[in-house]
> 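Next up is a structure, given as structure tokens.
Naming: A, B, ... by sequence-line order, numbering from 1 per chain.
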Amino acid sequence: MATDIAASPPPPDARPPASAADPPALPLRVWRHYLFVKVRKSVVVVFVVANVTFFLARAMPGDPIDVMAGRLTQGGMSMAEARVIATNSLAFDPDAPLWAQWWDFFVGLVTLDLGNTITRPAVGVAEAIAAYLPWTLFSIGVGTVVSIVLGLSLGMVMAYRRNRFLDHALSVAASVLGAVPNYLIAMLLVVGGGLYLGWFDPVALRGTVSPGVAPGFTLEFVGDAFYHAGLPILTYVLAIVGTWMLVMKASTTEVLSEDYVTVARARGLRDGRIAIAYVGRNAVLPLVAQIAISFGTLVGGAVFVERVLVYKGVGGLLLDAVNYRDYPLLQGLLIVVTACVVVANLVADLLYSRLDPRISDQGAATP
Amino acid sequence: MTATTAPAAGVWGSIWQGLTRSTSGFLGLCLVLSVLLFSFVGPLLVDTHNPTDVGLIWGPTNAEHWLGTNHEGKDTFVQLVLGGREPIWVGVAAALITVAIAVVLGGIAGYVRGRVDHLLLQLTDITMTIPFIVLMLVIASFYRTASPLMVAFIIGLVTWPYLMRSIRAQVLSLREREFIEAARLQDLGTARILFVEVLPNMAGYVFINFIIAITNAIYAVVGMYLLGLLPSTADNWGLMIQQAWDNNAFLLPTAIPFLLAPMVMIMLFQIGLVTMSRSLEQALNPRLRDR
């Protein structure tokens, strides 16, 4: 059902003008260009999401001061005292009217300034996100690439060996893996691989790098980063590879029954060449759009996986921002995460229209 | 994907046939039914009195405590029997809400077309771009003391866009069929044509997606428990997993059943649902049947 994003007809303004008699002026052509329409829409989406977040965050009960004062009173401090300390140590003015806060936020949005965090007043939101986001993107990115390569190849093998033992075995495996939530896969990996089989020490694997390893493009750092990211990556691969296998199998099966494959065989082309240039290419094409979507859902799933595996990515930061009511951090995170998904969608769109020129003419895929 | 060509009256019959026709579909159905029996009939059969016992923390499995005891000395098996009801019914309720929103909005967008369609598509674009877990997290923490029904609403409110898109695409193709045109010529009224003529033709497809929506909702509910975002009330599989994991209890051999038992139940239920939906898809979708 995910393919239907591409299956929707474009808005009326996405279509090229009907009469080719007099070509419209250049600015108008740019305004109506396929890519430009997509970019315009993406900007609108990010802007709306940012504003929704602003009001959603403020609608939550309790502000940052309440949360911190509440924590301080647990240590035996009186509420009045705790509030004074909280007010002094947080960069948040609870008496500022909502419209003033919104104006600050709006100016920041337009000037691309995400502001400072509330709970750690000296730290900029952009800095905080920059410290955590790369780890999430790294683990998800590697996980996505590995699972796609693996899933597409296995899916093709399954289609070629349809109804043989290998096909059935892989189908069952893919179904089971696809049905188990990713955070449960992560837990099973820790309990099974770490505790029962003793392949690794799950406690030492926590975090993104071992203490004392200096960041940089050294073998030690890169190796350590991969070592720590190993479990999250394995989790993502196992959680999504099944979907790719089944989708690719269906897609390949369809292509195999096409006339041009029969013709290619009749022409005496080598099987390897047919499999890659004819079958593979045409089977993958309809899946490109789904890659971007899978990226979006993965970012969401990372919140669970990072919590379970104690991996210091953007998921834990988001949870902290929600728990401590750090409005600027929460807004910044949602904007950045949404922007990542939007960019991934744009890249997929662009790639798709390059691979299949029909798309940019019509503005929509015809499945 | 095209809708089933079977007449509306035979949809339930073909759903039953689809489930019993293939081995995997039947196994999936059996899995789902046994988990349901365990969670909804089981509580009537066991002694639900389950006191905390400080002398029995992380007790081993034995004849008296089949799955050992937990961090409070409570019997794990009794908790397991009692813990399935909430995640399952919240999941089903959330799926009902998702499907209801998707069917109504998708039907209207696909049938009415024009400006309404355009507006609804914009809305799905925006809702779909925000990773739904992130959105759910923010909304859930805003109702931290949310009742289970509220949780179902939150999940339903953020997960409808994908299904809405595919329902809309189906309605777009259905509305061009002869029998719909005939209904339109008879001037039966938009609402009537949509809900009496168009949508029943998609009943099989909607049912498959309802099952898929349940798996998504249970993934979300259990995940929210895992993050500690939902109030800890009654016995609940999600809460059991969270308590076992956050106390690092899994490092202790006698504590493993407290973590694994609820995990296994959830996995069995999810695997059953997914297998069911796969074979139903093959049975109800003529394009897939012959492959």
> More than 12 foreign heavy atoms under 6.0 Å from OH of Tyr132(A): is that the case here?
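No - once you tally the heavy atoms of other residues, nucleotides and ligands closer than 6.0 Å, there are 12 at most.
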> What part of Leu259(B) lies closer than 4.5 angstrom to a heavy atom of chain A: side chain, backbone, both or neither?
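Side chain only.
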> Quick one: what part of Leu188(A) sits under 4.5 Å from any heavy atom of chain B, side chain, backbone, both or neither?
both
> Which atoms of Leu260(B) come close to chain A, meaning under 4.5 Å heavy atom to heavy atom: side chain ones, backbone ones, both, or neither?
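When you check distances to chain A, only side chain atoms of Leu260(B) fall under 4.5 Å.
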> Do Val180(A) and Gln270(B) pass the side chain to side chain contact (heavy atoms under 4.5 Å, CB included) test, and can you show the C-alpha distance, the side-chain angles, and the key distance before you say yes or no?
CA-CA 7 Å; Val180(A) 178; Gln270(B) 299 282 67; over 6 Å; no
> Which atoms of Val191(A) are under 4.5 Å from chain B, going by heavy atoms: the side chain, the backbone, both sets, or neither?
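Side chain only.
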> Looking at chain A, which one of Thr275(B), Ile241(B), Ile271(B) has the largest number of heavy-atom pairs inside 4.5 Å, strictly under?
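Highest number of pairs under 4.5 Å: Ile271(B).
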> Can you name the nearest heavy-atom pair linking Asp246(B) to Arg307(A), along with the distance?
OD2-NH2, 3.2 Å
> Surrounding CZ of Phe153(B) (heavy atoms of other residues, nucleotides or ligands, distance under 6.0 Å), is the total greater than 12?
no
> Fit a plane to each ring of Tyr183(A) and Tyr219(B), take the angle between them on a 0 to 90° scale, and name the class: parallel (under 30°), tilted (30 to 60°) or perpendicular (over 60°).
parallel
> So which of Thr215(B), Ile266(B), Ile256(B), Leu273(B) has the largest heavy-atom pair count under 4.5 angstrom toward chain A?
Ile256(B)
> State, to 0.1 Å, how close Val308(A) and Trp245(B) come at their nearest heavy-atom pair, and which atoms those are.
O-NE1, 3.0 Å
> A quick test of your reading: do over 12 heavy atoms of other residues, nucleotides or ligands sit less than 6.0 Å from OH of Tyr324(A)?
no
> Quick check on the interface: out of Asn182(A), Val44(A), Val46(A), who has the most heavy-atom pairs with chain B under 4.5 Å?
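Looking at each option in turn, the highest pair count goes to Asn182(A).
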> Who among Ile126(B), Leu226(B), Leu227(B) has the most heavy-atom pairs with chain A under 4.5 Å?
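Counting heavy-atom pairs under 4.5 Å, the top option is Leu227(B).
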> Pick one of side chain, backbone, both or neither for Val176(A), based on which atoms fall under 4.5 Å of a heavy atom in chain B.
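Looking at Val176(A), backbone and side chain both touch chain B.
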